[in-house]
Amino acid sequence: MVNPKLQDAINSQIQAEFYSAYLYLSMSAYCESQNFTGFAHWLKLQYQEETEHALKLIGYLQERGGTVELKKIDAPPAEFGSPLQVFEQTLAHEQHVTSLIHQLYETAAAEKDYAAQIFLQWFITEQVEEEASATAVVERLRIIGDKSPGSILYIDKELGKRV
Ligand SMILES: [Fe+2]
Ligand SMILES: [Fe+2]
């Protein structure tokens, strides 16, 4: 049995993961429209990863005999500015998600749900990786600034190699 308080919190996290997926898909479409096909590719993979996170949470609730309640997903923005601004927003969003995951873990700890704590450790580790990869792109784009289109295109090409 899953604790009702934790079940609510996990259902909210499923919504947050789907919103993340939606946000990155919108960013991907935006980058594609700006002819940054590498950034678009990177963000589309990010969209897939976020969908997998939501499915992982759904699978966990089902395994514990819980009830999955899908909530409404807000529309993400459609415009994001320069490539640097896109990735700054990605990083800020990941930092926000990290705080949500930490809150979820705190709920699991407060409710003494040990299995949930172990399950959520995967997400805590994943967030470290997510923040690190977004930070790496932000820092590279900050180094070159907005004055070097050639360098931005080089990074775009590099990110297009993500598998
Ligand atoms: Fe996620
Ligand atoms: Fe993420």
Side-chain angles (χ1 to χ4, degrees), residues 2-3 5-32 36-64 66-109 113 115-142 155-156 158-163:
V2 66
N3 173 292
K5 228 185 225 175
L6 194 59
Q7 176 173 290
D8 283 349
I10 291 174
N11 276 314
S12 295
Q13 190 60 35
I14 290 166
Q15 179 190 33
E17 298 293 343
F18 276 128
Y19 178 76
S20 301
Y22 227 32
L23 176 66
Y24 295 140
L25 188 59
S26 185
M27 285 180 174
S28 175
Y30 172 76
C31 288
E32 191 74 46
F36 290 121
T37 53
F39 295 142
H41 168 77
W42 194 95
L43 287 158
K44 198 178 270 180
L45 291 187
Q46 201 61 25
Y47 148 77
Q48 286 175 359
E49 268 198 24
E50 300 302 350
T51 305
E52 282 166 22
H53 295 167
L55 292 175
K56 212 176 174 82
L57 290 160
I58 288 171
Y60 177 76
L61 264 190
Q62 289 169 333
E63 213 177 353
R64 297 290 303 272
T67 305
V68 175
E69 272 176 48
L70 295 180
K71 299 172 193 284
K72 186 171 178 273
I73 305 163
D74 286 338
E79 293 205 13
F80 300 93
S82 68
L84 175 58
Q85 286 170 327
V86 170
F87 283 91
E88 281 175 340
Q89 288 167 81
T90 299
L91 176 58
H93 184 69
E94 287 303 329
Q95 288 166 339
H96 166 66
V97 172
T98 298
S99 71
L100 294 179
I101 295 289
H102 290 176
Q103 282 169 36
L104 198 53
Y105 188 90
E106 279 166 27
T107 303
D113 188 330
Q117 287 172 60
I118 292 167
F119 168 72
L120 289 170
Q121 279 173 11
W122 183 90
F123 283 87
I124 293 172
T125 307
E126 174 69 8
Q127 283 311 117
V128 172
E129 206 181 290
E130 293 271 71
E131 285 192 31
S133 59
T135 300
V137 182
V138 166
E139 285 178 351
R140 287 161 78 190
L141 287 169
R142 272 189 193 147
I155 296 178
D156 177 65
E158 284 295 301
L159 264 62
K161 292 177 188 162
R162 179 179 175 181
V163 286

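As the structure is a computational prediction, the values presented were derived from the model and not from experiment. Hydrogens, waters and symmetry mates are skipped; everything else that's a heavy atom, side chains included, is used. In listed order, ligands and their atoms are each counted from 1.
At the Fe ion (ligand 2), the vertex angle linking OE2 of Glu130 with OE2 of Glu50 is 100° (nearest 10 degrees). The Fe ion (ligand 1) forms the vertex of an angle spanning OE1 of Glu17 and ND1 of His53; to the nearest 10 degrees it equals 100°.
Considering only heavy atoms from C-beta on, Glu17 stays 4.5 Å or farther from Lys56 through its side chain. Side-chain atoms of Phe123 and Tyr105, non-hydrogen and from C-beta on, never get closer than 4.5 Å to each other.
Counting only distance, with no hydrogens or angles, the side chain of Gln7 and the backbone of Thr67 share a donor-acceptor pair below 3.5 Å.
Looking only at atom types and distance, the side chain of Gln46 has a donor-acceptor partner in the side chain of Arg162 under 3.5 Å away.
One of the N, O or S atoms belonging to Glu94 lies under 2.8 Å away from the Fe ion (ligand 2).
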